[in-house]
**Q** 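The structure follows.
Just so we're clear, the structure is a prediction, and the values are computed from it rather than from any experiment.
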Amino acid sequence: MKLGSLIVLTATLLAACGENDNDSEPVNVDNINMEELEAELMIPAETEPGAEETLEVEVTQGDELVDDASEVIFEVWIEKEKDDSEMIEAELPGDEGRYEVSYTFSEEEAYFVQPHVTARGSHVMPVESVLVGDAELEDDHDTEEWEEGDMEDHNSHGNDEENHAENNH
């Protein structure tokens with residue numbers, strides 16, 4: 001095969017591949033949503049022991065509803081017992097920016113609910129309380145410490161020796 005024919009064949013193959021591959025087109029900067037990811041927690045402020053409630057979070061980025069979160073996990077714990085929290089994964093994808101799980105508040109206690117939302121390269125985790133029965137919050141809680149918080153605290157659900165050993169590797 002002559003060099004000229006080889007060049008024409010290569011150019012033809014490359015042109016054919018380029019026509020069918022629309023995903024490789026450059027992304028226009030104007031099409032990228034640079035606004036902050038937000039998560040609005042929608043849960044009851046109060047409920048009764050044994051009541052099954054829907055825990056829901058609406059995820060937005062600017063005016064856009066986010067249905068493509070890569071992970072939404074609801075963390076639920078009784079006040080002052082965060083180390084014993086429960087993690088409940090929401091089904092993906094979301095529906096109109098909403099992700100939800102069902103949870104039964106079994107004890108007459110103050111609970112905290114924190115969805116961990118990962119989407120579009122961001123992670124947000126707002127916190128709200130739920131008072132069950134006649135429970136009251138014992139302390140003023142700075143929920144920003146949990147929202148921004150030490151990721152080690154958010155990822156630890158066992159005894160401190162196990163977590164310390166894992167963190168040293």
Side-chain angles (χ1 to χ4, degrees), residues 27 31-169:
V27 175
N31 295 334
I32 297 175
N33 189 340
M34 297 300 290
E35 296 197 47
E36 188 175 315
L37 189 70
E38 294 184 19
E40 180 184 347
L41 189 53
M42 294 172 282
I43 59 173
E46 298 177 353
T47 191
E48 293 301 317
E52 182 177 19
E53 299 286 351
T54 299
L55 310 179
E56 187 173 15
V57 63
E58 182 178 74
V59 183
T60 57
Q61 188 174 29
D63 293 334
E64 184 180 355
L65 295 171
V66 175
D67 290 336
D68 59 354
S70 57
E71 182 177 66
V72 178
I73 299 173
F74 286 82
E75 183 175 11
V76 182
W77 69 93
I78 293 173
E79 184 177 27
K80 296 188 179 188
E81 296 181 19
K82 187 160 183 5
D83 288 343
D84 295 326
S85 66
E86 293 181 54
M87 304 294 265
I88 308 149
E89 196 164 340
E91 287 188 31
L92 299 177
D95 184 28
E96 296 185 15
R98 293 181 181 227
Y99 302 83
E100 64 182 45
V101 297
S102 293
Y103 185 81
T104 301
F105 293 93
S106 58
E107 298 181 42
E108 190 166 307
E109 296 280 353
Y111 285 77
F112 287 94
V113 177
Q114 181 174 42
H116 296 260
V117 178
T118 304
R120 302 178 179 183
S122 295
H123 186 79
V124 292
M125 42 194 193
V127 180
E128 295 289 335
S129 63
V130 177
L131 300 177
V132 180
D134 293 329
E136 295 181 10
L137 288 174
E138 291 183 25
D139 296 327
D140 280 342
H141 293 278
D142 180 9
T143 57
E144 284 186 26
E145 79 182 60
W146 291 318
E147 290 176 28
E148 298 169 2
D150 178 359
M151 287 310 292
E152 183 177 320
D153 288 345
H154 294 291
N155 293 327
S156 64
H157 296 288
N159 69 41
D160 291 334
E161 287 180 27
E162 283 179 26
N163 293 326
H164 182 69
E166 290 174 9
N167 292 332
N168 285 333
H169 291 170

**Q** Let me confirm one number: the CD1-CD distance from Ile43 to Gln114, rounded to the nearest 0.5 Å.
**A**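 These two atoms lie 11.0 Å from each other.
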**Q** Please list, chain by chain and in numerical order, all residues satisfying side chain to side chain contact (heavy atoms under 4.5 Å, CB included) with Ser129, sequence neighbours excluded.
**A**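 If we apply the side chain to side chain contact (heavy atoms under 4.5 Å, CB included) test to Ser129, skipping adjacent residues, the hits are Phe112, Leu137.
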**Q** Could you tell me the separation between the CG atom of Leu37 and the CD atom of Gln61, rounded to the nearest 0.5 Å?
**A**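 These two atoms lie 6.0 Å from each other.
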**Q** Sequence neighbours left out, what pairs pass salt bridge (charged side-chain N to carboxylate O under 4.0 Å, His left out) with at least one residue falling in residues 61-71?
**A**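 Found Glu64-Arg120, Asp68-Arg120.
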**Q** Tell me the closest heavy-atom pair linking Pro44 and Thr54, and the distance in Å.
**A**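 For Pro44 and Thr54, the tightest heavy-atom pair comes out as CD-O, 4.3 Å.
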**Q** Under the salt bridge (Lys or Arg N to Asp or Glu O under 4.0 Å) test, which residues partner Glu56, sequence neighbours left out?
**A**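 For Glu56, the residues satisfying salt bridge (Lys or Arg N to Asp or Glu O under 4.0 Å) (neighbours in sequence not counted) are Arg98.
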**Q** Where do Thr104 and Gly50 come nearest, in terms of heavy atoms and distance?
**A**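 So the minimum-distance heavy-atom pair works out to CG2-O, 3.6 Å.
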**Q** Of all residues at least two apart in sequence or in a different chain, which pass the side-chain hydrogen bond (donor to acceptor under 3.5 Å, both in side chains) check with Glu100?
**A**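 Result, side-chain hydrogen bond (donor to acceptor under 3.5 Å, both in side chains) vs Glu100: none returned.
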**Q** For the CD1 atom of Ile78 and the CZ atom of Phe105, what is their distance to the nearest 0.5 Å?
**A**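 Result: 10.0 Å between the selected atoms.
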**Q** I need the minimum non-hydrogen distance between Pro126 and Ala39, along with the two atoms involved.
**A**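 It is CG-O, 3.5 Å.
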**Q** What are the two closest non-hydrogen atoms of Trp77 and Ser85, and how far apart are they?
**A**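 Closest heavy-atom pair between Trp77 and Ser85: CB-CB, 3.6 Å.
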**Q** Working to the nearest 0.5 angstrom, can you tell me the gap between Met125 CE and Thr118 OG1?
**A**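 Interatomic distance, Met125 CE to Thr118 OG1, rounded to 0.5 Å: 9.0 Å.
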**Q** Can any side-chain N or O of Glu128 pair as donor or acceptor with the backbone N or O of Leu41 at less than 3.5 Å?
**A**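 A pair under 3.5 Å: no.
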**Q** Any non-hydrogen side-chain atom of His123 less than 4.5 Å from a side-chain atom of His116?
**A**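 Yes, close enough: below the 4.5 Å cut-off.
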**Q** Could I get the full list of side-chain hydrogen bond (donor to acceptor under 3.5 Å, both in side chains) partners for Ser70, not counting sequence neighbours?
**A**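 With neighbours one apart ignored, the set is empty.
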**Q** Can you sort out the partners of Glu107 under side-chain hydrogen bond (donor to acceptor under 3.5 Å, both in side chains), two or more places apart, ordered by chain and number?
**A**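 So Glu107 forms no side-chain hydrogen bond (donor to acceptor under 3.5 Å, both in side chains) with any residue.
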**Q** Ala69 and Ala119: which non-hydrogen atoms are nearest, and at how many Å?
**A**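 Ala69 and Ala119 have their closest heavy atoms at CA-CB, 3.6 Å.
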**Q** Could you go through the side-chain contact (heavy atoms from CB on, under 4.5 Å) check for Glu58 and Leu65 one step at a time?
**A** CA-CA 8 Å; Glu58 182 178 74; Leu65 295 171; 4.2 Å; yes
**Q** By side chain to side chain contact (heavy atoms under 4.5 Å, CB included), which residues pair with Pro49, not counting sequence neighbours?
**A**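 Side chain to side chain contact (heavy atoms under 4.5 Å, CB included) check on Pro49 returns Glu108, Val132.
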**Q** Could you work out, with side-chain hydrogen bond (donor to acceptor under 3.5 Å, both in side chains) as the rule, every residue matching Tyr103, not counting sequence neighbours?
**A**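 Residues passing side-chain hydrogen bond (donor to acceptor under 3.5 Å, both in side chains) with Tyr103: Glu86.
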**Q** Report the residues that fulfil ring-ring contact (aromatic ring centres under 6.0 Å, His included) with Phe74, sequence neighbours left out, ordered by chain and then residue number.
**A**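 Once residues adjacent in sequence are excluded, Phe74 has no partner under the ring-ring contact (aromatic ring centres under 6.0 Å, His included) criterion.
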**Q** Of all the heavy-atom pairs spanning Tyr99 and Val66, show the shortest one and how long it is.
**A**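 Here Tyr99 and Val66 meet closest at OH-O, 3.0 Å.
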**Q** Test: side chain to side chain donor-acceptor pair (under 3.5 Å). Region: residues 34-52. Which pairs qualify, not counting sequence neighbours?
**A**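 As it turns out, the side chain to side chain donor-acceptor pair (under 3.5 Å) pairs with a partner in residues 34-52, which skip direct neighbours, are Thr47-Glu53.
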